[in-house]
Novice: 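Sharing a structure here in structure tokens format.
Residue numbering restarts at 1 for every chain, and letters A, B, ... go by the order of the sequence lines.
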Amino acid sequence: MAAARRTEAGSSAAPNAAIAAIWRVVAALRRGTVASYGTVAARAGLPRRARYVGAALRMAPRSLDLPWHRVVAAGGRIAFKPGSAAYREQRRRLVAEGIVVVRGRVRLPRAADLDALLWGGGC
DNA sequence: GTTGTGACATTAT
DNA sequence: CATAATGCCACAA
């Protein structure tokens with residue numbers, strides 16, 4: 001086999017293990033639940049890789065139906081620029097999910113609660 | 001190997 | 001509470 005690796009940046013159907021792990025964690029977020037990039041990265045086995053989560057979500061196809069809108073920055077702040085299309089899109093979806101959004105911030109559960117939400121709900 | 005960039009996080013002011 | 005600066009880590013040119 002002649003070196004079939006590269007950076008795995010093109011094929012959406014054959015992502016990296018890290019990307020797959022991130023998608024898995026994001027897909028595990030249930031309705032009414034939100035998590036920060038750092039938390040998602042940590043749960044995906046990638047500590048300190050919050051930025052990588054964003055890249056993974058960006059490259060993720062809509063076919064996966066990933067709840068990317070449930071992933072926010074630290075403190076529940078939306079990572080997108082206020083007023084931007086993506087910003088309003090995410091906020092709209094969050095509100096539609098029953099999540100309270102105020103001034104670009106969402107009610108982000110504490111680490112303990114988040115742990116319970118992620119692991120106490122099902123797996 | 002260096003430089004620049006990014007859907008972040010944390011700390012300081 | 002908002003903004004600035006710094007740190008972090010991976011990837012692209």
Side-chain angles (χ1 to χ4, degrees):
Chain A
M1 306 279 290
R5 61 174 163 128
R6 297 185 202 145
T7 32
E8 278 77 31
S11 306
S12 310
N16 233 17
I19 305 296
I22 291 169
W23 290 356
R24 192 165 125 100
V25 173
V26 175
L29 295 174
R30 300 168 71 197
R31 184 173 177 281
T33 311
V34 290
S36 64
Y37 288 89
T39 305
V40 172
R43 290 310 317 158
L46 302 164
R48 300 302 193 268
R49 238 114 284 105
R51 290 183 124 133
Y52 201 65
V53 175
L57 290 176
R58 185 172 187 180
M59 80 184 323
R62 288 178 175 284
S63 306
L64 294 177
D65 219 2
L66 284 179
W68 58 272
H69 54 271
R70 289 180 190 147
V71 184
V72 293
R77 278 186 15 262
I78 296 180
F80 294 110
K81 196 169 107 178
S84 195
Y87 177 92
R88 292 194 316 206
E89 175 86 23
Q90 183 171 15
R91 183 181 69 163
R92 187 178 156 82
R93 283 183 168 228
L94 288 171
V95 174
E97 293 283 309
I99 300 173
V100 182
V101 183
V102 179
R103 257 171 89 73
R105 291 199 192 169
V106 303
R107 292 283 199 149
L108 189 65
R110 293 183 174 282
D113 291 337
L114 192 98
D115 194 34
L117 286 168
L118 288 174
W119 294 99
C123 177

Novice: Counting any heavy atom closer than 4.0 Å, what does Arg103(A) reach on the DNA or RNA strands: base, sugar-phosphate only, or nothing?
Specialist: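 Sugar-phosphate, backbone atoms only, no base.
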Novice: With nearest nucleotide decided by heavy atoms, which residue, Arg77(A) or Gln90(A), maps closer to the 5′ end of DNA chain B?
Specialist: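 Counting from the 5' end, the first nearest nucleotide belongs to Gln90(A).
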Novice: Indicate, with a heavy-atom threshold strictly under 4.0 Å, whether Arg51(A) touches base, sugar-phosphate, or nothing.
Specialist: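 Base, at least one base heavy atom under 4.0 Å.
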Novice: Rounded to the Å, how far apart are Arg49(A) CZ and dG6(B) C1'?
Specialist: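 Distance, rounded to whole Å: 14 Å.
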Novice: Tell me whether the side-chain N or O atoms of Tyr52(A) pair up with the base of dA10(C) as donor and acceptor below 3.5 Å, since no angle test is needed here.
Specialist: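 No such pair is found, so the answer is no.
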Novice: May I have the distance from Met59(A) (atom CE) to dG6(B) (atom P), rounded to whole angstrom?
Specialist: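 Result: 17 Å.
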Novice: With a non-hydrogen cut-off below 4.0 angstrom, is Arg58(A) in contact with a base, only sugar-phosphate, or nothing?
Specialist: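 Base contact.
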Novice: Taking Glu97(A) for the side chain and Arg31(A) for the main chain, is one N or O donor matched with an acceptor at less than 3.5 Å?
Specialist: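 The answer is no, because no donor-acceptor pair under 3.5 Å joins these two groups.
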Novice: For a side-chain contact (heavy atoms from CB on, under 4.5 Å) check, start with the C-alpha distance between Arg77(A) and Val72(A), then their side-chain angles and the critical distance, and finish with the verdict.
Specialist: CA-CA 6 Å; Arg77(A) 278 186 15 262; Val72(A) 293; over 6 Å; no
Novice: Measure CG/Leu29(A) against P/dA7(B) and give the value in whole Å, please.
Specialist: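 Computing the Leu29(A):CG to dA7(B):P distance gives 20 Å.
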Novice: For a quick test of reading the model, state the closest non-hydrogen atom pair linking Ile22(A) to Tyr52(A) and the distance between them.
Specialist: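 Taking Ile22(A) first and Tyr52(A) second, the nearest heavy atoms are CD1-CD2, 3.7 Å.
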Novice: A side-chain contact here means heavy atoms from C-beta on lying under 4.5 Å apart; do Trp68(A) and Arg93(A) qualify?
Specialist: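 They are in contact (side-chain heavy atoms under 4.5 Å apart), so the answer is yes.
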